[in-house]
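Computed over heavy atoms, backbone and side chain alike; hydrogens, waters and symmetry mates excluded. Because the structure is predicted, anything quoted here is derived from the model rather than measured.
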Amino acid sequence: MAILTFKGGVHPYEGKELAKDCPTRRVFPEDEVVIPVAQHIGAPAKPIVEIGEHVLKGQLIAQAQGFVSANIHASVSGNVKKIEPRLVPGGTKVLSIVIENDKQYEEMKYDPSPEPWSKEYIREAVKDCGVVGLGGACFPTHVKLTPKDEKAIDYVIVNAAECEPYITADYRRLVEQPQEVIDGLKIILQLFENAKGVIAVENNKPDVVETLKKMTANEPDITVAELKTKYPQGSERHIIYAVTKRKINSKMLPADAGCIVDNVDTVYNIFQAVKYHKPLTERIVTVSGDGIKNPGNFIVPFGTSHEQIVREAGEMDETVEKLLSGGPMMGQALFSLDVPVMKGSSALLAFKKDDVAHAKQTNCMNCGKCAQVCPEGLICAKLAQAADADDMELFVKLYGMECIECGTCNFNCPANRNITQSVRTMKRKVQAMRKKG
């Protein structure tokens, strides 16, 4: 099969060699965990435990509110110490349940349903276990698995691109638990009788591609697609185009193009939820960058502080200037390590030099290099100019709402313009205006 891709994109330094060959190691939280009730797109979950109450690992502690919401479960056993707003990686305060860790890790006991599973059971198990998209968006997975017309779905794509530099969490999952990921895909395919499964992997992971092809050789409904190593190949729109040549825009869902797309770790946790009724209470987090002394991949219970996982990685170099939650292209800058690991925490990166802060910004040269790499084919510089001038009408006319905020324009700009930030700010303004009618 040909190497699949899309038009545009960039090739940043990958940095994956720092952690890719480091097997996952389990982290055991220290004295307390801080578990925010909003770790997903949609309404925050509502706490259903009280201060002083003893909880078990895997126990439901905050219940989803509405269809687009997700359950939250305890990641350790112990007593509920506080229920109060706490800082999260994004810099805001979110209502959180603080559990005093008793270090016993006593778990809830479940009686999962035996096979064969009904469609209703599969969706309900995923919902009960609080599974969300672990590629970054944190969209409640049971919603994604419940499209308006399930018969119209003809592709289920496992997003194994992991195109952000440095992050190797999905790679380690595929190295260490490939069968569980395949079995998770087979569970999803039970929901969509007309669908074929595709595991889409960038070709900088040849060992994983070879393993998956061997393991699925006798699976008539599953294929492995090799993607060109390029950023943002893992974007939902662009992985759909690479695999199917179908296009979607900001007004469409993947289901409108007959596709369901789920991240590798999401699919793994669908398997855990349906097979064992095991709630989502932990994830693999890559701790890497040139400022980390011993980069690696860690299985981290939610609510564990970022400060602890840095210690697990041998501490940071004292000259570190930049901390990121997530990847260098779309991650969030961290102002403190005293924030919890959440469902969307794919990585903690530390760098000795803050390239963005040191870059000298000059006037736009009108060179068009941003437009050359934009995966959406937008004239990025013009969008930024419209945004900076607060010209909402022109911004919308230039298709600014189609920007996926991937940062390729910033990366390729010789003038070091912060194009993405300008566009992102204007997008939020347009969205707010539309909500007001």
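Rounding to the nearest 0.5 Å places CZ of F139 at 11.0 Å from NE2 of H40. Annotation: the span from E176 atom CD to I284 atom CD1 amounts to 6.0 Å, rounded to 0.5 Å. Distance CD1/I299 to OG1/T304: 12.0 Å, rounded to 0.5 Å. Taken from SG in C403 to CD in E376, the straight-line distance is 8.0 Å, to the nearest 0.5 Å. The distance from atom OG1 of T216 to atom CD1 of I199, rounded to the nearest 0.5 Å, is 6.0 Å. Note that the OG1 atom of T229 and the CD atom of E14 stand 6.0 Å from one another [nearest 0.5 Å].
Other residues, nucleotides and ligands contribute only 12 or fewer heavy atoms inside 6.0 Å of the NZ atom of K46. Summarising the local packing, CD of Q431 is surrounded by more than 12 heavy atoms from other residues, nucleotides or ligands at distances under 6.0 Å. Counting heavy atoms of neighbouring residues, nucleotides and ligands inside a 6.0 Å radius, atom NZ of K214 does not exceed 12 of them. When the shell of 6.0 Å around CD of Q179 is examined, it contains more than 12 heavy atoms from other residues, nucleotides or ligands. Within a 6.0 Å sphere centred on CG of D102, heavy atoms belonging to other residues, nucleotides or ligands number more than 12. Counting non-hydrogen atoms of neighbouring residues, nucleotides and ligands closer than 6.0 angstrom, the NZ atom of K245 exceeds 12 such neighbours. Within a 6.0 Å sphere centred on CD of E106, other residues, nucleotides and ligands contribute 12 heavy atoms or fewer.
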side-chain contact (heavy atoms from CB on, under 4.5 Å) assessment of K119 paired with R123: CA-CA 6 Å; K119 293 182 179 182; R123 291 188 172 106; 3.8 Å; yes

Could you go through the side-chain contact (heavy atoms from CB on, under 4.5 Å) check for M329 and V10 one step at a time? CA-CA 11 Å; M329 298 298 287; V10 293; 4.3 Å; yes

Worked verdict on Q421 versus R424 for side-chain hydrogen bond (donor to acceptor under 3.5 Å, both in side chains): CA-CA 5 Å; Q421 184 59 46; R424 180 184 293 122; 3.0 Å; yes

Can you check side-chain contact (heavy atoms from CB on, under 4.5 Å) on N101 and F28, steps first, answer last? CA-CA 10 Å; N101 184 10; F28 294 94; over 6 Å; no

Which pairs would a plain distance check flag for residues 267-279, meaning a side-chain donor or acceptor within less than 3.5 Å of a matching protein atom at least two apart in sequence or in another chain?
from: Y268; atom 1: OH; to: Q272; atom 2: NE2; distance (Å): 3.2
from: N269; atom 1: ND2; to: D265; atom 2: O; distance (Å): 2.8

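For F67 and H142, the ring centers sit closer than 6.0 Å to each other.
Side-chain atoms of D354 do not come within 3.5 Å of backbone N or O of K322 as any donor-acceptor pair. D221 contributes no side-chain N or O that, together with a main-chain N or O of G197, makes up a donor-acceptor pair within less than 3.5 Å. Counting only distance, with no hydrogens or angles, the side chain of Q63 and the backbone of L60 share no donor-acceptor pair below 3.5 Å. A distance-only check finds no donor-acceptor pair linking the side chain of R173 to the backbone of P178 [under 3.5 Å]. Within the 3.5 Å criterion, the main-chain N or O of K343 finds a donor-acceptor partner in the side chain of Q39. Without hydrogens or angle criteria, Q233 side chain to A161 main chain gives no donor-acceptor distance under 3.5 Å. The main-chain N or O of K230 is found under 3.5 Å from a side-chain atom of E202 such that the two form a donor-acceptor pair. Proximity of a side-chain donor or acceptor of R25 to a complementary backbone N or O of E312 within less than 3.5 Å is detected.
For N297 and T168, the side-chain atoms include at least one donor-acceptor pair closer than 3.5 Å. Side chains of Y171 and N204: a donor-acceptor N/O pair is absent below 3.5 angstrom, by distance only.
Screening L4, T5, I3 for a side-chain contact (heavy atoms from CB on, under 4.5 Å) involving N203 leaves a single residue, I3.
With sequence neighbours excluded, the residues that form a ring pair (Phe, Tyr, Trp, His ring centres under 6.0 Å) with H238 are F6.
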